[in-house]
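What you see is a predicted model; the values in this text were computed from it and never measured. Remember, it's 1-based here, ligands and their atoms both numbered in the order they're listed.
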Amino acid sequence: MGKLTLYGFDASPPVRAVKLTLAALQVPFEYVIVNPLKKEQLSEEYLKKNPQHTIPLLEDDGKCIWDSHAIICYLASKYGKDDTMYPKDFYRRGIVDQRLHYDSSTMFTGTLLSITKPLIFSGVTSIVKSKIDAVAEVYDLVEIFLGDNDYIAGTELTIADFSFVTTMCCLKIFLEPQPNKYPKIVAWLERLKKLPYYEEANGNGAAQLETLLKSKNFTIESN
Ligand SMILES: N[C@@H](CCC(=O)N[C@@H](CS)C(=O)NCC(=O)O)C(=O)O
């Protein structure tokens with residue numbers, strides 16, 4: 001196994017999706033902190049590795065790959081002892097990919113980041129109600145994605161669960177999923193929390209982001 005380095009910061013949900021994947025695969029790695037609150041992702045040295053200046057970034061024996069979704073597919077394909085976390089079966093893989101693209105486009109970027117980025121980086125303190133309505137729309141869909149299964153892409157834990165849980169546990173800060181309305185989501189979040197590596201790989205960083213966001217004393221505008 002080559003030398004793996006993860007560049008990131010625990011408050012970042014996509015970084016935590018990679019940490020969960022590495023923990024599940026039991027792959028050792030070096031963790032280098034790149035703190036976006038200090039604009040460290042814009043350093044000349046980092047831009048050479050990732051011109052898109054996002055965290056997470058993975059370096060595997062000198063080869064760089066970024067975007068959490070691409071990274072977790074890469075890790076599960078290369079280091080998985082079997083294919084349960086990222087199935088080789090074309091249809092089951094297609095379902096996992098669909099979930100990952102949904103997180104990448106709508107759930108993380110279109111919904112969570114569109115709320116958190118102005119709060120953290122632009123001094124905005126009020127959130128328009130339509131953005132909270134978008135969170136409810138995400139929950140409606142995730143409840144359907146879960147269906148009768150224990151996990152986001154079927155009966156087995158996959159990398160899609162890691163991508164979703166890191167985003168969903170932060171959307172919770174803005175809209176708590178009520179058990180009577182979203183029983184499957186609530187049960188799934190509890191299920192994921194029982195993973196032995198959950199707290200270290202996701203729980204602690206999610207708590208850090210929650211503390212940061214709550215320190216902004218944001219309000220939600222009524223329409
Ligand atoms: N789709 C990307 C999103 C990554 C992302 O937006 N990361 C944020 C932190 S949560 C970041 O690096 N922001 C700093 C920047 O874009 O300069 C992924 O999944 O890796």
Side-chain angles (χ1 to χ4, degrees), residues 4-24 29 31-60 63-77 85-86 96-124 127 131 134-135 138 142 152-153 158-174 201-216 218:
L4 278 181
T5 308
L6 172 65
Y7 297 81
F9 185 61
D10 277 2
S12 159
V15 170
R16 286 184 262 117
V18 177
K19 287 187 77 176
L20 282 165
T21 305
L22 286 162
F29 64 101
Y31 191 40
V32 175
I33 300 294
V34 174
N35 182 349
L37 301 173
K38 296 185 186 162
K39 296 195 181 351
E40 288 174 353
Q41 82 282 19
L42 301 177
S43 74
E44 202 179 316
E45 193 192 346
Y46 192 74
L47 286 172
K48 273 189 204 144
K49 294 183 194 289
N50 175 4
Q52 203 181 321
H53 54 78
T54 49
I55 51 167
L57 163 71
L58 183 81
E59 200 169 352
D60 187 351
K63 295 187 292 276
C64 290
I65 178 162
W66 64 90
D67 192 289
S68 64
H69 308 89
I71 296 171
I72 61 181
C73 291
Y74 172 83
L75 286 171
S77 305
M85 288 207 354
Y86 192 42
V96 173
D97 287 340
Q98 179 272 318
R99 307 304 199 236
L100 296 179
H101 285 285
Y102 180 70
D103 180 63
S104 186
S105 60
T106 305
M107 198 161 66
F108 175 72
T109 310
T111 310
L112 182 63
L113 201 62
S114 89
I115 299 174
T116 56
K117 203 173 173 184
L119 292 179
I120 298 173
F121 295 104
S122 310
V124 168
I127 305 169
K131 290 198 176 186
V135 177
V138 163
V142 176
I152 283 296
T158 69
I159 52 174
D161 290 283
F162 297 152
S163 192
F164 269 46
V165 78
T166 56
T167 302
M168 298 273 296
C169 72
C170 296
L171 288 174
K172 245 169 129 259
I173 300 166
F174 303 101
N202 188 48
N204 295 341
Q208 283 170 29
L209 182 62
E210 181 161 356
T211 303
L212 172 68
L213 290 165
K214 290 199 168 154
S215 75
K216 305 292 176 189
F218 62 83

When you look for heavy atoms under 4.0 Å from ligand 1, do you find them on the side chain of Q41, its backbone, both, or neither? side chain
Give the residue and atom name of whichever protein heavy atom lies nearest to atom 10 (S) of ligand 1, and the separation in Å to one decimal. S12 OG, 3.2 Å
Using a distance-only test with no angle check, is there a side-chain donor-acceptor pair under 3.5 angstrom linking D67 and Y74? no
Quick one: does I55 get an N or O within less than 3.5 Å of an N or O on ligand 1? yes
Given side chains that start at C-beta, do those of L4 and L75 come closer than 4.5 Å, heavy atoms only? yes
Within a strict 4.5 Å, meaning less than it, do heavy atoms of the V32 and F9 side chains meet? no
Under 3.5 Å: N/O of S68 near N/O of ligand 1: yes
Nearest protein heavy atom with distance in Å, relative to atom 1 (N) of ligand 1: D67 OD2, 2.8 Å
With sequence neighbours left out, the residues meeting side-chain contact (heavy atoms from CB on, under 4.5 Å) with D10 are K19, Y31, Q208
Quick note on ligand 1: atoms under 4.0 Å from a heavy atom of H69 include exactly 19 (O)
What protein heavy atom sits nearest atom 15 (C) of ligand 1, and how far away is it? H53 O, 3.2 Å
P56 heavy atoms within 4.0 Å reach ligand 1 at atoms 20 (O)
Of the protein's non-hydrogen atoms, which lies at the shortest distance from atom 3 (C) of ligand 1, and what is that distance? F108 CE2, 3.8 Å
Interatomic spacing from CZ in R16 to CZ in F162 - rounded to 0.5 Å: 13.5 Å
Decide yes or no for K117 and S122: does some side-chain heavy atom of the first lie under 4.5 Å from some side-chain heavy atom of the second? no
Grab the two heavy atoms, one from S104 and one from T109, that are nearest each other, plus how far apart they are. O-OG1, 2.5 Å
Strictly less than 4.0 Å: does any protein heavy-atom distance to atom 13 (N) of ligand 1 fall in that range? no
